[in-house]
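All of these numbers come straight from a predicted model, not from anything done at the bench.
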Amino acid sequence: RNVIDSYNKSQDLFNEPELIAVSIILFYGVVTLLVGYVTFARKLNINIRAGILLFSLYALGASGMLLTSFSGDGRVLLFAFVIFSGIFFDLRHSLAAFLITLLTLLFIGYVQVSGLMVVPPEWQVNSTNLGAWFSGGLVLIVLSVAGIYSIAYLLRSFEISLKETKDALEREQRLGWVLRTVSEINQIIIRAT
């Protein structure tokens, strides 16, 4: 209802505001169903589930940036896309997600600053302000890079901790084997005497 009301109020900017509103509602509905599906489809490979979730975050973030520039949740969802790429996969994937986000930000900024796409002033006053795109983009870049490196550091620390735990478990298993062998030798000695 809010989407339809917003587009009806901005009829002078769009040729067919109802069609655009219905398209946006369908898009968000499909993405919501997709996220719901991967949440409960446990038979799917975890990498596929994570990939679909990341795609959904990207799609929502990019569309949010297109529709409302910096006033909506688009940049937060793009930031989540970068961060979750690092969590679900590795540093290489999160850097790729960062590059995709950066290119998306540049493209959307270009189409809005150049006037190829119009965000109504009621929705975003700074959509055509190059300085707002530069400062907002800079904040997104700095936060993304900080997030990528902190996640990579944490995951590396977790990997080292897992390796140390695995090594300790292997040592414990070897010691258990040695103790069983000594116990069996003792039993053989007792029987022999």
Please check if I108 and F55 belong to a single hydrophobic cluster, counting links between Ile, Leu, Val, Met, Phe, Trp and Tyr side chain heavy atoms closer than 4.5 Å. no
How far does CG of L169 sit from CD of E172, to the nearest 0.5 angstrom? 6.0 Å
So among T32, V30, V35, V38, which one has a side chain to side chain contact (heavy atoms under 4.5 Å, CB included) with S56? V35
Grab the two heavy atoms, one from F27 and one from A59, that are nearest each other, plus how far apart they are. CZ-O, 3.7 Å
So, taking the atom named CG in L44 and the one named OG1 in T39, what distance separates them when rounded to the nearest 0.5 Å? 11.0 Å
For K163, which residues count as a salt bridge (charged side-chain N to carboxylate O under 4.0 Å, His left out) partner, sequence neighbours excluded? D167
Please step through side-chain contact (heavy atoms from CB on, under 4.5 Å) for the pair L78 and L57, ending with a clear verdict. CA-CA 7 Å; L78 288 175; L57 286 172; over 6 Å; no
Rounded distance [0.5 Å steps], NE2 in H93 versus CD1 in I100: 10.0 Å
Is it true that atom OH of Y28 has more than 12 heavy atoms of other residues, nucleotides or ligands lying nearer than 6.0 Å? yes
To check you understand the geometry: which heavy-atom pair defines the closest contact between R180 and Q173, and what is its length? NH2-O, 4.5 Å
Is there a side-chain contact between L66 and V111, using heavy atoms and a 4.5 Å cut-off? yes
Linking I/L/V/M/F/W/Y whenever any side-chain heavy atoms sit under 4.5 Å apart, do L53 and Y37 land together? no
Nearest 0.5 Å, what's the CG-CG distance between N186 and L179? 10.5 Å
Minimal heavy-atom distance between A62 and T104, with the atoms involved, is CB-CG2, 3.9 Å
side-chain contact (heavy atoms from CB on, under 4.5 Å) assessment of Y110 paired with L116: CA-CA 8 Å; Y110 170 76; L116 294 173; 3.9 Å; yes
Kindly work out whether a path of hydrophobic side-chain contacts (I/L/V/M/F/W/Y, heavy atoms less than 4.5 Å apart) joins L54 to L34. no
Could you list the donor-acceptor pairs under 3.5 angstrom formed between side-chain atoms of residues 81-89 and any protein atom two or more places apart in sequence or on another chain?
{"from": "S85", "atom 1": "OG", "to": "F81", "atom 2": "O", "distance (Å)": "2.7"}

With rounding to the nearest 0.5 angstrom, report the CD1 to OG1 distance, I160 to T165. 11.5 Å
Could you tell me which non-hydrogen atom of M65 sits nearest to which non-hydrogen atom of R75, and how far apart they are? SD-N, 3.5 Å
To the nearest 0.5 Å, how far apart are OG1 in T101 and CG in L106? 11.0 Å
Test side-chain contact (heavy atoms from CB on, under 4.5 Å) applied to T181 and I185, step by step: CA-CA 6 Å; T181 304; I185 290 172; 4.0 Å; yes
